[in-house]
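As structure tokens, the structure follows; a few thoughts come after it.
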Amino acid sequence: MRWSKYFLYTLKETPKEAEIISHIYLIRAGFIRKLASGIYNYMPIFLRTLKKLEKIIREELDKKGAIELLMPVVLPAELWKESGRWYKYGKELWRIKDRKDAEFALGPTHEEIITHIVRTEVSSYRDLPLNLYQIQTKVRDEIRPRFGLMRAREFIMKDGYSFHSSWESLNETYNDMYEAYSNIFKRCGLYFKVVEADTGNIGGSDSHEFMVLADTGEDKIANCKSCDYAANVEKAYTKFNEVIVEDKKPLELIETPDKKSIDELEEFLNLPPEKFMKAFLVEDEEGILYMFLIRGDYEINEAKINNIIGKPWKMATFEALKEANIIEGYAGPIGANLDKVKIFVDYSVRTIVDGITGANKQNYHYKGFYWDRDLPENIEWVNIHVVKPADKCPICGGELEIIRGIEVGHIFKLGTKYSESMKAYYKDKDGKEKPFIMGCYGIGVTRVIQAAIEQNHDENGIIWTKELAPFLIDLILLDLKDEETRNFADNLYKELTDKGFEVIYDDRDARAGFKFKDADLIGFPIHIIIGKKNLKQGLIEIKNRQTQERVKVKVEDFWKALEDILQNIR
RNA sequence: CGGGGCGUAGCUCAGCUUGGCUAGAGCGCGUGCCUUGGGAGCACGAAGUCGCAGGUUCAAAUCCUGCCGCCCCGACCA
């Protein structure tokens, strides 16, 4: 491709819409242009990289026997009502109406559609397992689009779904996908980590996320410094060694006038937060009241609260608390009307001895709280804390650290959640109708591209790997008015292209520095520089963008030198 | 949706506090000269409903009201 005839415009200045480096470079290097909040034009050079990534994805999935298809973006509401997600998905589901006022959604994900397809086509266990996928534009009316392609309202996703007649079969495919995803991200030159994940509103049991490690990542990961354990903080928990003492002090009512928060109490009683048990009170849409108890120094993990309650909830109302005999600011399990509130206790509470908790009496707390003596009978132990740095790993007891990551892939074992709600059955060997056991697998395709930039760049621009680079080689012609030099470069361009190299030929009428800056900014892996001065001495210059090394080679040694560099770049 | 900020040429921004002259600069774009190995220089030129609507005023980019759009921080997710 001759640059002078191509559609590619770079920017010298940083556009103000961009904050993080990968977003800035995507815009400056001419890959994307914003059309509306979270909605982008993919420019020609972006499309090249996108197609390369899609090729990698297809190759790795095809190896595992997955089959590609393509579903619509405009989806009838009917199917979403069947699964119940029409009501549960919330405002992210972009709803539209047609001219007859019939309801549709723009597809944010396609569990319902694929389930519908498979239930109408497949009726025997003999056709299972099945692993179907598509690479397609997804639409989600995100609360807050952010960071360019990182969280866009329209983006490209690879979504795959598998159907099985047994959990063993699902596990096999799940592991296949785990492997395929690992291979894909490796080929993209990404440094990533696979972490245990919460399943969110997709639902299901097991789930892993593929996280590209980056400080600008939106996700927090609890990572064990000693073993392989790594989990999204939404899912992560730490292990507490329970403490039981024989010599217990009596439970004692103490006056704590106007001291409601843990901070105030800490100061007032001069005790560390670990001595307190705090209560978090919510009620669900049916008005059922829940009390969550946790040690004073821990935060409550709302994702886990969602999982426990399983339906929408809000902070408890004054009326509900009153009915359960709970006093706001002085709340605790002791003295509450246990018929009116469900109590869940975090394992961190098992470390509290001689602790402080609310007395359900205005201006009073209890002192001398011991979990094994003072908690009511019918409580449930749960992990609802947000892990902190230096907490213990639940597997090996080593130290946890909190790191940041960009979620580029997510795999789930769905089980029968969709097949049951949508009556998707097959006939098993025994002649009985059974719901399909399902898995689902996603890759944020456009997000992967930005994550690759976030992880591979320097102060001059992007550093692409061979596999994702929009062009492998930037052939830079200087002195284009010198006929001899220009002819040489023209011929070299033809030769390189004939040999199958992807080359952009910078034949623009611009100064050297200008072209070098563009080459670095866009980040083509190899720059071949043809200039009059060097050529007169029979020399060609080759620059490796990844190492920043430049070499001058004799014209006759050129192909060998190019080969060497190709061997040595990622 | 809550909190913070922004909206003036294709891009980055100044001007607004304290209303008043023909609305400016740099980059980019066009023409010419000059230059030619790290985003050169000079000259000339084109390019603006000052986000939109209303109001106050002799007079509004500037003050007031409403709306729209965009970015950042929180809850959702590939």
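Protein chains get the first letters and strands the later ones, always in sequence-line order, with residue 1 at the start of each.
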Does the [N] base have a donor-acceptor partner in the side chain of [X] within less than 3.5 Å?
X	N	result
A:Asp479	B:rG37	no
A:Arg511	B:rG41	no
A:Arg151	B:rC77	yes
A:Glu13	B:rG28	no

Nearest of [options] to any side-chain atom of [X]?
X	options	answer
A:Thr10	B:rG39, B:rC71, B:rG37	B:rG39
A:Glu541	B:rG37, B:rA78, B:rC76	B:rG37
A:Lys16	B:rC70, B:rC73, B:rU12	B:rU12
A:Glu218	B:rC71, B:rC76, B:rG39	B:rC76
A:Arg28	B:rC1, B:rG39, B:rC73	B:rG39
A:Ala512	B:rC77, B:rU8, B:rG37	B:rG37
A:His410	B:rC72, B:rA78, B:rC70	B:rA78

- prompt: Under 4.0 Å between a side-chain N/O of A:Asn306 and OP1 or OP2 of B:rC76, yes or no?
  reply: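 Yes.
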task: Ignoring backbone atoms, establish whether A:Arg146 has a side-chain N or O less than 4.0 Å from OP1 or OP2 of B:rC76.
output: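 No, no such contact exists.
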From [atom1] of [X] over to [atom2] of [N], roughly how many Å is that when rounded to an integer?
X	N	atom1	atom2	answer
A:Lys220	B:rC77	NZ	C1'	16 Å
A:Tyr9	B:rC29	OH	P	10 Å
A:Asp141	B:rC1	CG	P	11 Å
A:Ile39	B:rG69	CD1	C1'	13 Å
A:Lys12	B:rC13	NZ	P	16 Å
A:Lys533	B:rU35	NZ	C1'	13 Å

Determine the contact category for [X]: base if any of its heavy atoms lies under 4.0 Å from a base atom, sugar-phosphate if only primed atoms, P, OP1 or OP2 are that close, otherwise nothing.
X	result
A:Lys34	sugar-phosphate
A:Lys543	base
A:Thr14	sugar-phosphate
A:Asp509	nothing
A:Tyr181	nothing
A:Leu478	base
A:Glu142	base
A:Ala451	nothing
A:Leu521	base
A:Gly409	sugar-phosphate

query: Starting at the 5' end of RNA chain B and moving along, which residue's nearest nucleotide shows up first, A:Lys532 or A:Ala18?
result: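 Closest to the 5' end, via its nearest nucleotide, is A:Lys532.
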- prompt: With nearest nucleotides of RNA chain B determined for A:His23 and A:Phe514 from heavy-atom distances, which residue corresponds to the more 5′ nucleotide?
  reply: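 Result: A:Phe514.
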Are the charged groups of [X] and [Y] less than 4.0 angstrom apart, N to O?
X	Y	value
A:Glu103	A:Lys97	no
A:Lys278	A:Asp297	no
A:Lys55	A:Glu467	no
A:Glu60	A:Arg187	yes

- request: Could you check A:Tyr181, A:Tyr133, A:Tyr441 and say which one makes a side chain to side chain donor-acceptor pair (under 3.5 Å) with A:Lys158?
  value: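 So the option named by the test is A:Tyr181.
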field: Side-chain donor/acceptor of A:Glu299 to backbone N/O of A:Val386, under 3.5 Å
entry: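 Not at all, since once roles are kept as given, no pair shorter than 3.5 Å links the two residues.
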query: What is the base-pairing partner of B:rC70, counting Watson-Crick and G-U wobble geometry with both distances under 3.5 Å?
result: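 Base partner found: B:rG5.
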task: Determine, answering yes or no, if A:Phe516 is stacked on B:rG37 under the 5.5 Å centre rule and the 30° plane rule.
output: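 Check failed, A:Phe516 does not stack on base of B:rG37.
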query: Do A:Arg48's NZ or CZ and the ring of A:Phe471 fall within the cation-pi criteria of under 6.0 Å and 45°?
result: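 Geometry flag: set, cation within 6.0 Å and 45°.
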